[in-house]
Amino acid sequence: MKRTKWIAAALCIALFFSGCAKEQDQEKHIFGATYMTRNNPYFDVLNDEIAEGVEANGDKLIVRDPLQDQEKQNQQILDMIDEGIEILFLNPVDKVKVKPALKACQEAGVEIINIDTQVDDTDYVLSTIETDNYQAGQECAKDMMKRVDSARIIILDNPMQDSIVQRVQGFLDTIEGHPEYQVVQQIFSGGEIEISAEVVSGLLDEDFNVVFGGNDPSALGALAALQKAGREEGILIYGVDGSPDFKAMLDLGYVTGTSSQSPETIGKTATEMAYQALDGKAVEKYVKLPSRLITKENLMNYDIDGWQ
């Protein structure tokens with residue numbers, strides 16, 4: 001009888017603490033985060049900043065990687081809704097095709113903080129936080145025009161990502177009215193090193209002396225293809241991000257310039273906004289962070305091994 005009583009008491013205690021653990025877990029805020037890819041260190045830094053802010057508050061962050069597949073990202077968002085997220089940090093693969101997931105979040109009462117690149121229909125999101133991408137493209141074009149009197153330019157584009165669309169538009173608008181600066185190819189590169197390297201390898205017969213990559217991985221992929229072919233001499237290469245990898249190539253003189261982004265600032269700002277929203281406070285609908293051009297000439301003003 002005594003043994004039975006002890007077992008019963010132990011079970012009661014276990015059930016009590018199990019109930020407490022469940023209650024504590026239910027008290028936690030649950031956030032979701034999904035980025036177009038994790039095959040870019042920029043998104044690792046961005047995610048680390050968000051995770052640090054969430055975990056510092058004792059809350060939970062669910063992270064998903066769609067691997068540049070919008071259908072997969074949409075399904076992952078539905079799954080995170082089922083897991084109880086209250087706020088989603090969203091970096092879309094495709095600014096248009098993400099819409100079904102936006103609608104699902106709205107129906108479930110999940111707020112969306114759109115980070116790094118805008119969705120097409122911003123009515124569905126609480127706030128958007130991104131770099132001034134148009135300015136980033138402008139800065140690269142201005143620097144190019146200072147360095148060369150004429151250019152035949154390859155642009156490595158990605159029309160699915162609004163951030164890259166805006167960078168390309170800033171670049172194009174800056175050279176408009178200057179026929180001596182001619183775009184000979186504007187081509188999809190996926191925003192990744194491997195895809196960009198393959199694309200540029202197929203353009204080596206073209207006559208060009210400038211490459212503008214929609215982000216640093218695109219530009220570094222171009223560099224890899226050019227170096228493999230022994231064609232890098234005399235070609236200006238621009239990117240956007242200000243990544244440590246690109247700055248290392250700047251230091252060696254292999255590339256020309258990159259317009260900076262700060263994934264740390266974007267992540268921190270997004271996390272602060274999320275908690276403001278949970279507290280019922282108003283948040284800014286759109287936050288645009290300035291971009292600065294980094295070149296070999298001013299590289300000493302920046303941390304080569306880190307982000308801005």
Side-chain angles (χ1 to χ4, degrees), residues 21-130 160-163 191 263-287:
K22 286 181 181 178
E23 187 176 333
Q24 286 176 354
D25 195 50
Q26 288 170 357
E27 288 175 358
K28 287 184 177 181
H29 291 299
I30 304 176
F31 301 85
T34 175
Y35 312 93
M36 61 182 77
T37 178
R38 295 299 295 276
N39 190 25
N40 182 343
Y42 172 89
F43 292 113
D44 289 332
V45 176
L46 178 54
N47 183 71
D48 287 347
E49 192 67 33
I50 292 172
E52 184 178 331
V54 168
E55 291 166 6
N57 283 283
D59 294 325
K60 181 178 179 181
L61 179 67
I62 302 169
V63 184
R64 297 288 181 266
D65 179 3
L67 303 170
Q68 294 278 26
D69 183 334
Q70 187 57 64
E71 287 188 14
K72 185 173 184 177
Q73 187 175 55
N74 288 349
Q75 184 56 55
Q76 289 174 342
I77 291 170
L78 294 178
D79 293 342
M80 286 190 283
I81 291 172
D82 289 341
E83 291 183 69
I85 63 170
E86 299 164 76
I87 291 181
L88 174 68
F89 299 105
L90 171 65
N91 172 258
V93 175
D94 186 305
K95 61 179 182 174
V96 175
K97 292 180 180 178
V98 72
K99 191 166 183 176
L102 303 182
K103 288 182 176 179
C105 285
Q106 185 182 67
E107 290 167 3
V110 174
E111 296 283 12
I112 299 170
I113 296 182
N114 185 189
I115 49 178
D116 179 68
T117 184
Q118 277 193 318
V119 299
D120 193 55
D121 194 338
T122 57
D123 289 342
Y124 287 95
V125 306
L126 177 68
S127 179
T128 300
I129 307 160
E130 63 178 358
M160 296 186 301
Q161 296 174 16
D162 187 69
S163 56
E264 293 173 347
T265 303
I266 290 174
K268 183 178 180 181
T269 304
T271 309
E272 289 172 353
M273 282 190 168
Y275 281 101
Q276 287 171 7
L278 289 173
D279 290 340
K281 298 175 182 176
V283 300
E284 291 184 61
K285 182 67 176 175
Y286 182 67
V287 176

(message) Let me confirm one number: the OG1-CD1 distance from Thr271 to Ile113, rounded to the nearest 0.5 Å.
(response) 7.5 Å

(message) Testing the basics here: between Pro92 and Asn114, what is the closest heavy-atom pair and its distance to 0.1 Å?
(response) CD-ND2, 3.8 Å

(message) Please check: side-chain N/O of Thr117 versus main-chain N/O of Ser163, any donor-acceptor pairing under 3.5 Å?
(response) yes

(message) Working to the nearest 0.5 angstrom, can you tell me the gap between His29 NE2 and Leu278 CG?
(response) 5.0 Å

(request) Could you tell me which non-hydrogen atom of Ile112 sits nearest to which non-hydrogen atom of Cys105, and how far apart they are? (result) CD1-CB, 3.7 Å

(request) Considering non-hydrogen atoms only, spot the tightest contact between Gly32 and Leu61 and give its length. (result) C-CD1, 4.1 Å

(message) One thing to verify: whether Arg64 and Glu83 come together as a salt bridge, which I'm taking to mean a side-chain N less than 4.0 angstrom from a carboxylate O.
(response) yes

(request) Calculate, to the nearest 0.5 Å, the distance between atoms CD and CD belonging to Gln76 and Gln70 respectively. (result) 10.0 Å

(message) Has Thr37 got a side-chain atom pairing as donor or acceptor with Gln68's backbone, closer than 3.5 angstrom?
(response) no

(request) Indicate the atoms forming the closest heavy-atom contact of Phe31 with Ile85, along with that distance. (result) C-CG2, 3.7 Å

(message) Quick check against the 3.5 Å criterion: does Asn91 have a side-chain atom that pairs as donor or acceptor with the backbone of Met36?
(response) yes

(message) What's the separation between atom CD1 in Ile77 and atom CG in Leu102, rounded to the nearest 0.5 Å?
(response) 7.0 Å

(request) For the residue pair Ile266 and Phe89, establish whether any side-chain heavy-atom pair is separated by less than 4.5 Å. (result) no

(message) Which heavy atom of Val93 sits nearest to which heavy atom of Gln161, and what is that distance?
(response) O-CG, 3.9 Å

(request) Check the angle between the aromatic planes of Tyr35 and Phe43 and answer parallel, tilted or perpendicular using the 30° and 60° thresholds. (result) tilted

(message) Please check: side-chain N/O of Thr128 versus main-chain N/O of Tyr286, any donor-acceptor pairing under 3.5 Å?
(response) no

(message) Does any part of the side chain of Arg38, heavy atoms only, come nearer than 4.5 Å to the side chain of Asp44, both counted from C-beta?
(response) yes

(message) So, taking the atom named CG in Leu126 and the one named CG in Leu90, what distance separates them when rounded to the nearest 0.5 Å?
(response) 12.5 Å

(message) Looking at Val125, is its backbone amide N or carbonyl O close enough to the side chain of Lys285 to form a donor-acceptor pair, meaning the two atoms are under 3.5 Å apart?
(response) yes

(message) Treating Glu272 as the side-chain partner and Gly53 as the backbone partner, does any N or O pair qualify as donor plus acceptor under 3.5 Å?
(response) no

(message) I'd like to know if the side chain of Asp120 reaches the main chain of Lys95, judged simply by a donor and an acceptor atom lying under 3.5 Å from each other, with no hydrogens or angles considered.
(response) no

(message) Looking at every non-hydrogen atom in both residues, tell me the closest pair between Ala108 and Ile81 and how far apart they are.
(response) CB-CG2, 3.6 Å

(request) May I ask you to say whether Lys99 pairs ionically with Asp121, meaning some side-chain N is under 4.0 Å from a carboxylate O? (result) yes

(message) So does Ile87 get a backbone contact from the side chain of Glu111, meaning a donor-acceptor N/O pair under 3.5 Å?
(response) no

(request) To the nearest 0.5 angstrom, please state how far the OG1 atom of Thr34 sits from the CG atom of Asp65. (result) 7.0 Å

(message) Measuring only between side-chain heavy atoms, which start at C-beta, is Met273 closer than 4.5 Å to Glu284?
(response) yes

(message) For Asn74, is there any backbone N or O sitting under 3.5 Å from a side-chain donor or acceptor partner on Lys97?
(response) no

